[in-house]
Amino acid sequence: MSTAPRIAEVRRDTKETQIRVRVNLDGTGEAQLSTGIGFFDHMLDQIARHGLIDLEIEAKGDLHIDGHHTVEDVGITLGMAVAQAIGDKRGLTRYGHSYVPLDEALSRVVIDFSGRPGLEMDVKFTAGSIGAFDTQLTYEFFQGFVNHALVSLHVDNLKGHNAHHQCETMFKAFGRALRMAMTLDPRSAGVIPSTKGTL
């Protein structure tokens with residue numbers, strides 16, 4: 001079993017955003033987050049805490065317009081960092097899933113480090129915004145992540161009346177599903193988890 005640290009740092013600069021993401025996939029859940037959108041920072045903290053990923057994100061974006069570019073580009077940059085840290089996927093569990101409740105809300109997230117990007121998301125938010133966070137941007141975050149981490153991701157909010165609870169259960173479940181999928185399996189050390197021999 002490889003003991004090489006699974007750490008990556010990615011910087012991505014555009015005319016709309018300047019973003020730095022650093023991940024340690026074998027961390028303890030420590031997070032340093034600064035996106036300019038308080039609720040979004042709170043959601044990213046859920047990924048770190050429940051995924052046991054050490055996560056640093058610094059983002060400066062055109063928030064005077066809205067949060068769209070910032071949220072989407074953080075998803076893109078996080079996906080790039082995770083893909084880089086994962087490497088060739090030898091010994092990877094590959095699949096992960098989680099159900100997470102929060103009071104009346106319940107979400108299910110299933111992920112596959114398949115090498116093929118795909119997002120299926122079934123969420124009917126009960127509010128258009130949570131603080132300064134536009135709930136439509138949840139999809140844009142996950143789409144950005146999926147496209148650059150090269151994963152298949154299914155996100156379903158099964159129940160919920162409070163939009164904060166709906167969103168939080170999704171991000172917590174995402175963190176826990178990530179943690180499961182990224183865990184190294186000692187029984188398949190050095191083996192690519194695919195009959196194709198590559199992912």
Side-chain angles (χ1 to χ4, degrees), residues 1-2 4-8 10 12 21-27 29 43-55 57 71-101 105-124 137-160 166-199:
M1 180 70 67
S2 171
R6 298 190 297 169
I7 295 170
V10 174
R12 185 176 186 272
V21 171
R22 185 179 190 276
V23 296
N24 176 358
L25 303 185
D26 303 300
M43 293 302 97
L44 294 169
D45 194 31
Q46 304 307 318
I47 297 173
R49 192 67 51 89
H50 295 279
L52 290 181
I53 301 165
D54 290 346
L55 184 58
I57 297 179
V71 173
E72 180 181 27
D73 289 2
V74 166
I76 289 170
T77 313
L78 179 60
M80 293 167 68
V82 167
Q84 187 176 314
I86 283 283
D88 67 5
K89 304 175 189 173
R90 289 182 187 278
L92 203 66
T93 298
R94 176 177 169 176
Y95 300 99
H97 63 271
S98 180
Y99 286 81
V100 169
L106 174 66
S107 290
R108 174 185 61 215
V109 173
V110 184
I111 192 168
D112 174 14
F113 276 85
S114 60
R116 300 182 305 279
L119 174 63
E120 291 292 332
M121 189 165 163
D122 186 4
V123 179
K124 295 174 181 66
L137 299 183
T138 308
Y139 181 90
E140 304 305 328
F141 169 79
F142 285 125
Q143 186 69 77
F145 178 86
V146 159
N147 285 345
H148 293 269
L150 301 178
V151 299
S152 297
L153 181 66
H154 289 250
V155 180
D156 296 284
N157 176 238
L158 305 176
K159 295 179 180 179
Q166 288 176 292
C167 202
E168 189 164 334
T169 56
M170 281 182 268
F171 276 84
K172 284 178 174 175
F174 176 64
R176 293 193 67 85
L178 265 182
R179 176 179 167 188
M180 179 186 290
M182 294 187 306
T183 296
L184 295 172
D185 183 349
R187 293 181 63 197
S188 62
V191 176
I192 304 277
S194 170
T195 54
K196 293 186 181 79
T198 184
L199 284 171

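- Under the 4.0 Å criterion applied to side-chain N and carboxylate O atoms, R187 and D185 are not assigned as salt-bridge partners.
- Side-chain N or O atoms of R179 include none that pairs as donor or acceptor with a backbone N or O of G51 at under 3.5 Å.
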I would like to know whether L178 and I53 meet side-chain contact (heavy atoms from CB on, under 4.5 Å); could you show each step before the answer?
CA-CA 9 Å; L178 265 182; I53 301 165; 4.1 Å; yes
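- A pairwise comparison of heavy atoms in L92 and F113 identifies CD2-CB, 3.9 Å as the closest pair.
- In this structure, the separation between OG1 on T77 and CZ on R22 is 16.0 Å, given to the nearest 0.5 Å.
- Within the 4.5 Å cutoff, no side-chain heavy atoms of S107 are placed close to those of V100.
- Annotation for A173 and S98: closest pair O-CB, 3.5 Å, computed over non-hydrogen atoms.
- Between R116 and S152 the shortest heavy-atom distance is O-OG, 3.3 Å.
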Determine, stepwise, if the pair Y99 / V110 fulfils side-chain contact (heavy atoms from CB on, under 4.5 Å).
CA-CA 9 Å; Y99 286 81; V110 184; over 6 Å; no
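- The salt bridge (Lys or Arg N to Asp or Glu O under 4.0 Å) pairs that include a residue from residues 139-157 are R108-D156, where partners are two or more places apart or lie in different chains.
- Annotation for P117 and L150: closest pair CD-CD2, 3.9 Å, computed over non-hydrogen atoms.
- Counting only distance, with no hydrogens or angles, the side chain of D122 and the backbone of N157 share no donor-acceptor pair below 3.5 Å.
- Taking the salt bridge (charged side-chain N to carboxylate O under 4.0 Å, His left out) definition, one finds that R49 meets it with D45, sequence neighbours left out.
- Shown here for V21 and A81, the closest heavy-atom pair between the two residues is CG1-CB, 3.9 Å.
- The two residues A149 and A83 have their closest heavy-atom pair at CA-CB, 4.1 Å.
- The salt bridge (charged side-chain N to carboxylate O under 4.0 Å, His left out) check on K172 picks up E168, with sequence neighbours excluded.
- Between the CG atom of D54 and the CD1 atom of I7 there is a distance of 8.5 Å, given to the nearest 0.5 Å.
- With a 4.5 Å cut-off on side-chain heavy atoms, V23 and L78 count as touching.
- Applying the ring-ring contact (aromatic ring centres under 6.0 Å, His included) rule to F145 yields the partners F174; only residues at least two apart in sequence or on another chain are considered.
- To the nearest 0.5 Å, atom CE of residue M182 and atom CD1 of residue I111 are 8.0 Å apart.
- Note that CE of M43 is 7.0 Å distant from CZ of F171, once rounded to the nearest 0.5 Å.
- Atom CZ of residue R94 and atom CD1 of residue I192 lie 10.5 Å apart, to the nearest 0.5 angstrom.
- In this structure D26 satisfies the salt bridge (charged side-chain N to carboxylate O under 4.0 Å, His left out) test together with R6, sequence neighbours excluded.
- Sorted by first and then second residue, the ring pair (Phe, Tyr, Trp, His ring centres under 6.0 Å) pairs involving residues 78-98 (not counting sequence neighbours) form an empty list.
- With hydrogens and angles disregarded, a donor-acceptor distance shorter than 3.5 Å links the side chain of Q166 to the backbone of K124.
- Summarising the geometry, atom CD1 belonging to I47 is positioned 5.0 Å from atom CG belonging to L44; distances are rounded to the nearest 0.5 Å.
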